Number of protein chains: 2
Amino acid sequence: MITSIVPDHQEADSRRRIMDVAAELFLERGVDGGSLRQIAELAGMKAGSIYYHFASKNDLLVAIFERGIAVMVDAFDEATATGAELSAHQRLAAHVRAHLGALYENGPYTAAHVTAFRTAPPAVREAVVPSRDRYEAMWTTLIAELVAADALDAEATDGVHRLLLFGAMNTSVEWFDLERGTLDALARAITQQFWSGLALNPQEAA
Amino acid sequence: MITSIVPDHQEADSRRRIMDVAAELFLERGVDGGSLRQIAELAGMKAGSIYYHFASKNDLLVAIFERGIAVMVDAFDEATATGAELSAHQRLAAHVRAHLGALYENGPYTAAHVTAFRTAPPAVREAVVPSRDRYEAMWTTLIAELVAADALDAEATDGVHRLLLFGAMNTSVEWFDLERGTLDALARAITQQFWSGLALNPQEAA
DNA sequence: GTCTATACCACGATAGAC
DNA sequence: GTCTATCGTGGTATAGAC
């Protein structure tokens, strides 16, 4: 095992370890349910030491939520970045899959953000709102493009259907288990429900 | 104004008032964010007095969640009870509207259950699981009937699509505002998305 | 049925040694 | 960078007067 030559990475490592265990705890027990004492214990230190890395619990929350949003944004960008020519349906499917990947395949940050945000202190919520809005705008743009390409009903542009899609994707953290199903299958189910619904004879919808 | 003849309803009234303000508080701030001191103040009494009506905060939580589930169950039953002959699409629409009614038109109980359940203590969650399961079973049966009537894709019977529908309906408490939109319109949007999707040319879905 | 008073504990946060 | 020790606050819950 080779020891790094640069001075020492303890600070960055510890900061990250705190965030990792804290995000997991907030995801499971909520903002108020996860205490700094528990976080410290899981991170292998004492509660007071956390304050070397974060000025307050609120600061730690903001850092975690911002990271959760950054993970979503990165996933969105990567889904777009495939050089291939994609159909409208394929584009939507790729972004749904990417969002689910952010929720389940890149640490607990996005899932913690989605579940714990609503009970965070107002100051924390306000701090991350701009980043949240930026991610939502990416989806608004995507859906507008699909509508403009004559792929989707213009009704989708009013935002409600985007929010319903978010609801379906995000609430999956309450019941989806990676060990009992694949993300690809879940993404297909969500995309299908959004795209063409489940009716055998859709025209029945008077 | 006539005063009741029976001894006095103070106990039942106070108990209900505590539950009302507590449900609202749990809905807004989460289980740990709503303290018995705040609840007592909103209910017009002191914290210690709550213990005359509930043995513990957990007991209060269970009572609130159970009531939230009962409100959903009642709404479901009433949606079914219309004597009229309904098409499959109309039946689904009626039940979606009823579920939204439980979330928004019958007090904060169902909304509190939907948002605060996940961070409640394990003992509380376990206590209400049977009631939750009973409500979910009602939906499972409904969807199975729609599938059997050749109205829905058999895929809907695996449960995933029911959970996605729940996610779309329940997450609306995060963004839907009764003063800026009607429940009827929201119910139509959700039903349409579930039933026939948003694609103009669904067959594109390869 | 509600009050006052209080026990006991866990919380977030700070100060200063090492 | 982490520790120990501690402060002040606010949490749930209980006892007993009224």
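So you know, we letter chains A, B, ... as the sequences are listed, proteins then strands, and number each from 1. Predicted, not measured: the structure shown is a model, and the values here were computed from it.
- In this structure, a donor-acceptor pair under 3.5 Å is absent between the side chains of A:Glu174 and A:Thr171.
- Axis orientation changes by 10° from one end of the helix from C:dG1-D:dC18 to C:dC18-D:dG1 to the other, with each end axis drawn from 5 pairs and the value rounded to 10°.
- When the P atom of C:dG12 is taken as reference, atom NZ of A:Lys46 falls 16 Å away, rounded to whole Å.
- Following rounding to the nearest Å, A:Ile50 (CD1) and C:dG12 (C1') show an atom-to-atom distance of 10 Å.
- Of the residues in residues 60-68 of chain A, none lies under 4.0 Å from DNA chain C by heavy-atom distance.
- A salt bridge between A:Glu41 and A:Lys46 is absent, with no side-chain N of the basic residue lying under 4.0 Å from a carboxylate O of the acidic one.
- Under the 3.5 Å distance criterion, with hydrogens and angles disregarded, a donor-acceptor pair is assigned to the side chains of B:His113 and B:Arg132.
- Using a 3.5 Å distance cut-off with no hydrogens or angles, the side chains of B:Arg162 and B:Thr140 do pair a donor with an acceptor.
- Remark: A:Glu105 engages A:Arg97 in a salt bridge, criterion side-chain N to carboxylate O under 4.0 Å.
- One interatomic measurement links the two molecules: CZ of B:Arg29 to C1' of D:dG10, which rounds to 15 Å at whole-angstrom precision.
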Nucleotide by nucleotide, nucleotides 12-18 of chain D touches protein heavy atoms under 4.0 Å in the pattern (B base, S sugar-phosphate only, - none) BBB----
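- Atom CE in A:Met45 sits about 7 Å away from atom P in D:dC3, given to the nearest Å.
- Between the OH atom of A:Tyr52 and the P atom of D:dT2 there is a distance of 8 Å, given to the nearest Å.
- Comment: B:Arg188 does not engage A:Glu155 in a salt bridge, judged by the lack of any side-chain N to carboxylate O separation of less than 4.0 angstrom.
- Rounded to whole Å, the distance from CD on B:Gln38 to P on D:dG10 is 11 Å.
- There is no side-chain donor-acceptor pair under 3.5 Å between A:His89 and A:Ser196.
- At least one donor-acceptor pair closer than 3.5 Å links the side chain of A:Thr157 to the backbone N or O of A:Ala154.
- With hydrogens and angles left out, the side-chain atoms of B:Ser172 and B:Tyr104 include a donor and acceptor closer than 3.5 Å.
- Between the side chains of A:His99 and A:Asn170, at least one donor N or O sits under 3.5 Å from an acceptor N or O.
- For A:Asp20 and A:Arg16, the salt-bridge test passes: some basic side-chain N is under 4.0 Å from an acidic carboxylate O.
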